[in-house]
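Beneath this line is the structure, given in structure tokens, with notes to follow.
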Protein chains: 2
Amino acid sequence: MLLVLELLLEAAGIAIHANQTLSNTATRKFGLTMMCTLTGKPTQGGFAESMVVDQKFVVKIPDGMSPEQAAPLLCAGLTVYSPLKHFGLNKSGLRGGILGLGGVGHMGVKIAKAMGHHVTVISSSDKKREEALEHLGADEYLVSSDGEGVQKAADSLDYIIDTVPVVHPLEPCLSLLKLDGKLILMGVINAPLQFLTPMVMIGRKSITGSFIGSMKETEEMLEFCKEKGLTSKIEVIKMDYINTAFERLEKNDVRYRFVVDVAGSKLSP
Amino acid sequence: MLLVLELLLEAAGIAIHANQTLSNTATRKFGLTMMCTLTGKPTQGGFAESMVVDQKFVVKIPDGMSPEQAAPLLCAGLTVYSPLKHFGLNKSGLRGGILGLGGVGHMGVKIAKAMGHHVTVISSSDKKREEALEHLGADEYLVSSDGEGVQKAADSLDYIIDTVPVVHPLEPCLSLLKLDGKLILMGVINAPLQFLTPMVMIGRKSITGSFIGSMKETEEMLEFCKEKGLTSKIEVIKMDYINTAFERLEKNDVRYRFVVDVAGSKLSP
């Protein structure tokens with residue numbers, strides 16, 4: 001069985017992975033950081049070798065999926081898969097929107113397409129149009145400040161996955177949703193977002209959010225990605241490149257995830 | 001068949017009713033204002049006698065329910081019943097919160113109790129404690145500014161029906177909701193409400209809203225209220241009292257709905 005380490009760095013766009021054969025019958029000492037439980041209380045873990053991880057927190061990586069592919073799926077893939085599954089949006093024929101095309105957003109497009117959805121990428125500028133439509137397979141591309149385009153697409157989407165991690169207006173998103181549509185927030189933003197109550201009351205729309213997913217959903221998601229042949233766009237780096245990687249992250253210069261191969265470093269078990 | 005008029009005035013806390021025998025087989029000329037459809041587009045109706053109302057917009061009032069009781073239920077009762085039904089919250093054993101004890105809120109307490117819920121009334125002050133607990137049958141009373149009380153009740157409610165029609169903080173409500181809890185907004189507020197994204201992401205909580213309900217739900221709700229013996233607290237007035245009623249409304253001096261008996265007035269068919 002392979003174990004993939006997904007460290008806190010992953011939240012900033014860097015995934016660290018290592019693989020390790022684990023006994024299937026007992027818990028083992030191993031360094032593993034679970035980012036957060038659903039209760040919102042951070043675990044007391046770390047990546048010290050002294051941390052004991054119960055096997056219920058160990059996921060099986062499907063045969064044939066490389067660890068460097070599995071690593072970012074454990075965050076970006078699961079973050080998108082979990083709410084689509086939970087809210088019953090994992091059926092074909094739906095119309096979805098992906099707001100923001102970063103690490104989570106690009107997996108959002110791929111997973112939603114693999115679920116059989118008509119996918120609109122919504123972005124603040126026109127810069128990622130080609131990437132969205134030609135490389136990721138989105139069906140439509142909408143610039144959020146394009147009032148006419150937004151109005152034309154009003155009341156058309158079953159859901160929007162909102163990956164934007166900074167303050168942004170919710171009105172365009174809410175207006176794009178159809179009756180009972182869901183705006184699913186995934187960006188931890190350190191200032192409040194605003195909305196007008198009639199924007200949710202009329203059409204019974206929901207503003208909700210999601211944070212990672214369950215262990216069960218993690219294994220389901222990996223199987224789903226394996227079955228559908230989905231991969232994350234990654235750049236594999238070695239440990240000594242981490243500082244440069246962080247500098248590039250600050251400049252938004254990665255498509256879409258750095259994966260750090262810790263083999264040979266002190267983190268390597 | 002009885003027809004109950006529910007006029008726009010009702011939105012301001014005044015219900016006007018009249019009853020009229022209607023043919024069951026054809027549409028009839030009759031004055032009826034539907035406040036709004038779910039699309040948010042106001043109907044072009046009025047209460048002129050020349051307006052034609054299709055029978056699909058006519059509801060059957062259960063035998064034995066008085067028109068003055070049916071009238072406010074068509075707004076306050078339905079406003080609460082519809083989302084509880086839609087979101088699958090009409091089963092017993094849930095824990096609900098009612099924020100704001102006005103015309104809608106007091107029916108919220110009664111309907112939620114009749115569904116078998118443990119009901120907490122949440123209010124900005126202590127003023128309505130006795131009313132909530134002793135007259136309306138709520139189980140608990142929480143002052144929203146009581147930090148300790150709110151913290152003690154954190155993560156405990158399946159839903160909160162928020163009837164407050166002015167800007168108010170959502171943090172206390174969101175913190176009271178448990179995993180997958182729903183904050184259901186019912187107040188049309190002319191300035192934005194704010195929230196922090198982690199407040200919905202962690203615990204996958206939803207901010208949603210609802211506006212009136214369907215014709216099917218209207219009949220269901222009336223049957224439900226009849227079966228459970230629920231009545232709205234009303235003050236029946238005559239047409240010539242309307243100006244005084246409005247003055248009293250401005251002072252919040254009505255518990256909880258004025259119902260205007262139009263018999264003998266120009267509105268009377």
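So you know, we letter chains A, B, ... as the sequences are listed, proteins then strands, and number each from 1.
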Give the intermediate values and the outcome of salt bridge (Lys or Arg N to Asp or Glu O under 4.0 Å) for residues K152(A) and D146(A).
CA-CA 10 Å; K152(A) 211 171 140 191; D146(A) 168 15; over 6 Å; no
Looking at CZ of F211(B) and OG1 of T197(A), how far apart are the two atoms once the value is rounded to the nearest 0.5 Å?
9.5 Å
Shortest non-hydrogen separation from A191(B) to L196(A) and the atoms involved
C-CD2, 3.5 Å
Run the side-chain contact (heavy atoms from CB on, under 4.5 Å) check on V143(A) and S123(A) step by step: do they pass?
CA-CA 5 Å; V143(A) 177; S123(A) 188; 5.9 Å; no
Those residues of residues 161-177 of chain B that come under 4.5 Å of chain A on a heavy-atom basis, listed by number, are L170(B)
Out of L193(B), I189(B), I184(B), V188(B), return the one with the most heavy atom pairs under 4.5 angstrom to chain A.
L193(B)
Inter-chain contacts: residues 79-97 of chain A against chain B, heavy atoms under 4.5 Å
S82(A), H86(A), F87(A)
Nearest-0.5 Å distance, NE2 of residue H118(A) to OG1 of residue T120(A):
5.5 Å
Salt bridge (charged side-chain N to carboxylate O under 4.0 Å, His left out): which pairs involve residues 104-113 of chain A, sequence neighbours left out?
K113(A)-D139(A)
What residues, two or more places apart in sequence or in another chain, satisfy salt bridge (charged side-chain N to carboxylate O under 4.0 Å, His left out) together with K182(A)?
none
Roughly how far, to the nearest 0.5 Å, is CD1 of I111(A) from CE of M221(A)?
7.0 Å
Start with the C-alpha gap between K216(B) and E220(B), add the side-chain angles, then the distance that decides, and say whether salt bridge (Lys or Arg N to Asp or Glu O under 4.0 Å) holds.
CA-CA 6 Å; K216(B) 183 166 172 287; E220(B) 265 180 42; 3.2 Å; yes
Other residues, nucleotides, ligands: >12 heavy atoms within 6.0 Å of Q151(A) CD
no
